[in-house]
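Because only heavy atoms are used, hydrogens play no part in the values below, and waters and symmetry mates are left out as well, while side chains stay in.
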Amino acid sequence: MRLEPLYRVRFRYPQHWAVSLGAPPTEGQHFFLSEGRCEGRIAGTFRGANHPRRRADGTFLPDFQGVITTDDGAVVYFDYRGYGRAYPEGRRQIVGTATHLSEHERYRFLNDGVAAGTGEVRSLPDGTMELVMVWAELVWEPPAEGASRSRS
């Protein structure tokens, strides 16, 4: 397998709601509306809704769907899953997987693929957050002989 760059997305959550559970609060459910921009092989306006669960250890479990309206007029649906780690403070790490769908000819290659992504949640000086993620297409290649050998 290999990774081929797809796009970088920068976005913010202009609206957010949360329900915290426990005393003191240890777990919770959140709902975020997102707005941003993608650049790369997929470039355009980014909009979505993330409704992650927050675990007791502070890790977020994203459940994030939305659309990218590309600069060339296509619509690309996305679905993100993964982990929003609770560390490091001020630049929390994100790791995840994504699937995409599009009826536009230029983006149909996404319809049966999987993407891997990394990013971070950046705390800005004004107290807001900006999320930055980089996504790459996981490209199928035949398994190499002997690749499944375990290490001792």
Side-chain angles (χ1 to χ4, degrees), residues 1-102 104 106-141 151:
M1 72 181 120
R2 73 176 191 281
L3 294 172
E4 292 288 333
L6 275 177
Y7 61 93
R8 173 190 215 60
V9 60
R10 298 173 92 79
F11 62 95
R12 294 185 183 201
Y13 293 126
Q15 293 182 286
H16 168 250
W17 299 265
V19 174
S20 294
L21 304 170
T26 56
E27 294 199 17
Q29 187 68 46
H30 294 255
F31 188 81
F32 298 95
L33 294 177
S34 66
E35 295 179 354
R37 174 113 186 121
C38 297
E39 298 295 340
R41 284 171 59 197
I42 303 173
T45 303
F46 177 92
R47 299 249 190 304
N50 188 6
H51 45 105
R53 180 173 68 89
R54 186 187 73 243
R55 297 188 320 202
D57 65 359
T59 299
F60 280 84
L61 303 173
D63 193 350
F64 197 167
Q65 295 82 37
V67 294
I68 301 163
T69 306
T70 66
D71 294 342
D72 59 359
V75 173
V76 176
Y77 172 86
F78 66 83
D79 188 327
Y80 296 166
R81 306 298 169 121
Y83 295 103
R85 297 172 175 160
Y87 55 85
E89 188 70 34
R91 279 181 113 67
R92 295 177 316 189
Q93 300 171 357
I94 304 168
V95 293
T97 61
T99 56
H100 299 84
L101 288 173
S102 182
H104 192 282
R106 180 173 178 193
Y107 303 101
R108 280 194 201 132
F109 74 95
L110 297 166
N111 292 351
D112 63 357
V114 174
T118 62
E120 57 187 19
V121 179
R122 297 175 177 171
S123 297
L124 302 176
D126 66 2
T128 63
M129 299 183 302
E130 178 182 62
L131 289 82
V132 178
M133 296 196 70
V134 176
W135 291 99
E137 176 187 13
L138 180 60
V139 178
W140 183 89
E141 291 181 336
R151 292 188 247 176

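- Distance check: T26 OG1 to L21 CG gives 7.0 Å after rounding to the nearest 0.5 Å.
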Practice task
Assess whether side-chain contact (heavy atoms from CB on, under 4.5 Å) is satisfied between E120 and Q93, documenting all intermediate values.
Solution key: CA-CA 4 Å; E120 57 187 19; Q93 300 171 357; 5.8 Å; no

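- Aromatic ring centres of W135 and F78: separated by at least 6.0 Å.
- The minimum heavy-atom distance linking I68 with C38 is given by the pair CD1-SG, 3.7 Å.
- Between S123 atom OG and R91 atom CZ the span is 9.0 Å, to the nearest 0.5 Å.
- What you find for A49 and S34 is that their closest heavy atoms are N-OG, 4.4 Å.
- Listed for the E39 side chain is no donor-acceptor partner under 3.5 Å among the backbone atoms of V9.
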Practice task
Please report the C-alpha distance between Y7 and H100 in whole Å, then the side-chain angles of each, then the deciding distance to 0.1 Å, and finally whether the ring-ring contact (aromatic ring centres under 6.0 Å, His included) criterion is met.
Solution key: CA-CA 12 Å; Y7 61 93; H100 299 84; 5.6 Å; yes

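- E130 is listed as a side-chain neighbour of V132, based on a closest heavy-atom distance under 4.5 Å.
- For the residue pair A115 and L6, the shortest heavy atom distance occurs at CB-CD1, 3.9 Å.
- Atoms CZ and OG, on R108 and S102 in that order, are 8.0 Å from each other to the nearest 0.5 Å.
- Closest approach of M133 to G117, counting heavy atoms only: CE-C, 4.5 Å.
- Rounded to the nearest 0.5 angstrom, F31 CZ and N50 CG are separated by 9.0 Å.
- Between L33 and W17, some side-chain heavy-atom pair lies under the 4.5 Å cut-off.
- For the pair R37 and T45, the tightest heavy-atom approach, listed with the atom from each and the gap, is NH1-N, 3.8 Å.
- Here the side chains of Y80 and I94 are not in contact, with every heavy-atom distance at 4.5 Å or above.
- For G84 against P62, the heavy-atom pair with the smallest separation is N-CD, 4.1 Å.
- Screening T70, D72, I42 against R106 for a side-chain contact (heavy atoms from CB on, under 4.5 Å) leaves a single residue, D72.
- Counting only heavy atoms from C-beta outward, the side chains of L3 and L138 approach each other to under 4.5 Å.
- Two residues are said to be in side-chain contact when any heavy atoms from C-beta on lie closer than 4.5 Å; F64 and D79 fail this criterion.
- Atom CD of E141 sits in a crowded spot, with more than 12 heavy atoms from other residues, nucleotides or ligands closer than 6.0 Å.
- Once rounded to the nearest 0.5 Å, the distance linking NE2 of H30 with NE2 of H51 reads 13.0 Å.
- In this structure, H16 has its ring center under 6.0 Å from that of F32.
- For Y83, the OH atom counts as loosely surrounded, since its 6.0 Å shell holds 12 or fewer non-hydrogen atoms of other residues, nucleotides or ligands.
- Proximity of R10 to R122: side-chain heavy atoms (C-beta onward) are separated by under 4.5 Å at one or more points.
- Taking a 6.0 Å sphere around CZ of R8, one finds it holds 12 or fewer heavy atoms contributed by other residues, nucleotides or ligands.
- In this structure, the separation between CZ on R53 and CG on D63 is 11.0 Å, given to the nearest 0.5 Å.
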